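One structure is given below, encoded as structure tokens.
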Protein chains: 2
Amino acid sequence: MRLFAEKGYQATSIAEIAREAEANTGSVYFFFPTKQQLLIAVLEQYCDGIDPMLLQPAWANISDPIERIFALLERYRSFLIETECRYGCPIGILALELHEPDPQVREKMAANFAQWTTAVERCLQEARARLPETANLRDLATFVLTTMEGGVMQARTYRDPETFDASIRVLKNYFSLLLRPLPTGEPQ
Amino acid sequence: MRLFAEKGYQATSIAEIAREAEANTGSVYFFFPTKQQLLIAVLEQYCDGIDPMLLQPAWANISDPIERIFALLERYRSFLIETECRYGCPIGILALELHEPDPQVREKMAANFAQWTTAVERCLQEARARLPETANLRDLATFVLTTMEGGVMQARTYRDPETFDASIRVLKNYFSLLLRPLPTGEPQ
DNA sequence: GTCTATACCCTGATAGAC
DNA sequence: GTCTATCAGGGTATAGAC
């Protein structure tokens with residue numbers, strides 16, 4: 001998982017995976033008959049990890065659903081900062097790197113995106129009453145992922161978080177235009 | 001250029017480039033001492049092509065600066081449709097594929113993004129009077145690129161233009177909230 | 001289940017005739 | 001400038017002893 005995330009699929013060799021796992025290539029092939037099967041297993045791990053490894057830490061002390069969306073995006077900002085902007089979303093890297101992926105691989109990548117988007121959509125549903133009746137929550141959730149992926153890509157390319165931050169600022173401004181005050185009358 | 005765009009950098013071999021160019025690998029190395037130098041030349045070609053190959057065709061019959069932004073995005077939608085959603089922005093693919101790029105390579109990729117963003121920013125400046133005084137036009141232009149890149153990435157992964165379209169719909173809604181009517185009083 | 005050894009192929013890059 | 005031939009190294013995957 002770590003090597004695919006850091007270097008991508010093609011640039012990671014089985015020999016390197018074995019070395020990092022302190023095993024031999026023969027042992028790797030005992031568990032995974034091909035490199036692609038190993039990739040599929042990694043993609044399944046990512047999907048299974050979205051909730052416990054990504055959402056739960058991001059949302060530990062936050063209950064407001066809209067704040068949760070921006071806390072999730074803030075996690076990605078942390079990934080950028082921690083890596084001096086070398087970070088790229090692992091799924092995004094694979095999605096652009098693999099050009100004619102096996103259908104099974106492509107579906108696993110799509111499942112990762114879909115699960116992420118659905119988690120954001122649930123936040124939006126919780127905030128339903130504060131959003132315009134006409135707002136399409138699935139579109140809006142898709143757009144949050146779009147913003148994250150596009151922002152991370154640019155920040156990585158410039159090796160500077162500024163374009164990511166700019167994207168989040170604009171998204172925040174959009175949300176501030178969409179949201180009406182809380183039913184209790186509190187300011188946003 | 002075509003092979004790097006379709007298959008990425010690592011998955012394209014010099015032998016394949018030579019074959020498609022109806023030349024021999026020896027001849028390729030006469031012009032480009034390394035594969036990386038060839039990549040740099042391709043990135044320069046992309047930068048030089050943004051105006052004549054991308055913006056001019058997209059804007060041929062459109063003068064309204066805001067419409068121009070969405071016409072540019074519509075071009076990317078065409079690329080998706082023409083390729084049955086196998087399209088990926090060539091710069092975006094390279095930006096996520098190359099993990100420790102040579103500084104010269106990274107700067108060329110960043111220059112491509114910057115030039116694209118600046119073209120959008122100029123459209124926004126033309127529409128300055130219709131936008132809120134507080135709007136940061138550079139941020140907004142960055143956000144348009146973010147939307148394109150994130151939308152293309154998802155559409156390619158799902159092999160379906162819907163997530164791209166959803167992203168554009170939401171961006172349009174945002175712009176409709178930002179824009180005030182034209183000074184002449186025409187509706188938007 | 002794990003190990004060493006290796007088959008077989010493709011890669012980027014080079015040599016040197018023409 | 002272009003050609004053929006090839007080097008040296010690395011890739012995925014396999015074979016077979018233990």
Side-chain angles (χ1 to χ4, degrees), chain A residues 1-46 48 86 88 90-109 157, chain B residues 1-46 48 86 88 90-109 112:
Chain A
M1 274 182 91
R2 191 172 51 72
L3 287 170
F4 284 171
E6 281 175 14
K7 314 184 50 175
Y9 177 72
Q10 300 176 94
T12 301
S13 70
I14 300 286
E16 194 173 2
I17 292 166
R19 201 181 316 127
E20 296 263 327
E22 293 179 81
N24 299 83
T25 65
S27 304
V28 173
Y29 279 98
F30 176 79
F31 293 101
F32 304 101
T34 65
K35 192 182 178 187
Q36 182 179 286
Q37 283 301 313
L38 204 164
L39 170 63
I40 288 168
V42 164
L43 287 169
E44 283 168 356
Q45 283 285 319
Y46 270 116
D48 293 347
R86 277 167 180 76
I91 311 300
I93 289 173
L94 294 169
L96 292 193
E97 177 187 3
L98 305 171
H99 300 268
E100 296 286 352
D102 187 275
Q104 213 183 335
V105 170
R106 199 187 54 67
E107 277 157 30
K108 297 280 180 202
M109 297 190 297
T157 305
Chain B
M1 274 180 91
R2 190 170 54 72
L3 286 170
F4 284 170
E6 282 175 13
K7 313 183 52 176
Y9 177 72
Q10 301 176 92
T12 301
S13 70
I14 301 286
E16 193 172 4
I17 292 166
R19 201 182 315 128
E20 297 263 328
E22 293 179 79
N24 300 84
T25 65
S27 304
V28 173
Y29 278 99
F30 177 79
F31 293 100
F32 303 101
T34 65
K35 191 183 179 186
Q36 183 180 283
Q37 284 301 313
L38 205 164
L39 171 62
I40 289 168
V42 164
L43 287 169
E44 282 168 356
Q45 283 285 316
Y46 271 116
D48 293 345
R86 276 167 180 76
I91 310 302
I93 290 173
L94 294 169
L96 291 194
E97 176 186 5
L98 305 172
H99 299 268
E100 296 286 353
D102 187 276
Q104 214 183 334
V105 170
R106 199 187 55 68
E107 277 157 29
K108 297 281 180 201
M109 297 190 297
N112 269 276

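Worth saying up front: this structure is predicted, and the values here are computed from it rather than measured. Proteins come first, then strands; the chains are lettered A, B, ... in the order of their sequence lines, and each starts at number 1.
- Sorted by first then second residue, the salt bridge (charged side-chain N to carboxylate O under 4.0 Å, His left out) pairs that include residues 27-42 of chain B, not counting sequence neighbours, number zero.
- Among pairs with a residue in residues 14-40 of chain B, none fulfils ring pair (Phe, Tyr, Trp, His ring centres under 6.0 Å), at least two apart in sequence or across chains.
- A heavy atom lying under 4.0 Å from DNA chain D marks none of the residues of residues 1-17 of chain B.
- Residues of residues 32-43 of chain B that place a heavy atom closer than 4.0 Å to DNA chain C, in numerical order, are Thr34(B), Lys35(B).
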Show me, pair by pair, the donor-acceptor contacts under 3.5 angstrom made by side chains of residues 21-28 of chain A, not counting sequence neighbours?
none

Enumerate donor-acceptor pairs with a distance under 3.5 Å from any side-chain N or O in residues 92-109 of chain A to protein atoms, sequence neighbours excluded.
unit_1    : atom_1 : unit_2    : atom_2 : d
Glu97(A)  : OE1    : Tyr9(A)   : N      : 3.0
Glu97(A)  : OE2    : Tyr9(A)   : N      : 3.2
Glu97(A)  : OE2    : Gln10(A)  : N      : 2.8
Glu97(A)  : OE2    : Gln10(A)  : NE2    : 3.2
His99(A)  : ND1    : Glu6(B)   : O      : 3.0
His99(A)  : ND1    : Arg156(B) : NH2    : 3.1
His99(A)  : NE2    : Glu97(A)  : O      : 2.9
His99(A)  : NE2    : Lys7(B)   : O      : 2.9
Glu100(A) : OE1    : Arg86(B)  : NE     : 3.2
Asp102(A) : OD1    : Gln104(A) : N      : 3.0
Asp102(A) : OD2    : Gln36(A)  : NE2    : 3.4
Arg106(A) : NH1    : Thr157(B) : O      : 2.8
Lys108(A) : NZ     : Glu44(A)  : OE2    : 2.9

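- From one end of the helix from dG1(C)-dC18(D) to dC18(C)-dG1(D) to the other, with five pairs defining each end axis, the axis direction shifts by 10° (rounded to 10°).
- Between Ile17(A) and Leu38(A) the shortest heavy-atom distance is CD1-CD1, 4.2 Å.
- Contacts between residues 94-106 of chain B and DNA chain C, defined by a heavy-atom separation under 4.0 Å, are absent.
- Gln45(B) pairs by the side-chain hydrogen bond (donor to acceptor under 3.5 Å, both in side chains) definition with nothing, not counting sequence neighbours.
- Read 5' to 3', the first and last nucleotides of DNA chain D with an atom closer than 4.0 Å to a heavy atom of chain B are dG1(D) to dA5(D).
- Atom CD of Glu20(B) sits about 4.5 Å away from atom CG of Leu3(B), to the nearest 0.5 Å.
- Residues Pro90(B) and Phe4(B) form no side-chain contact, since every pair of their non-hydrogen atoms from C-beta on lies 4.5 Å or further apart.
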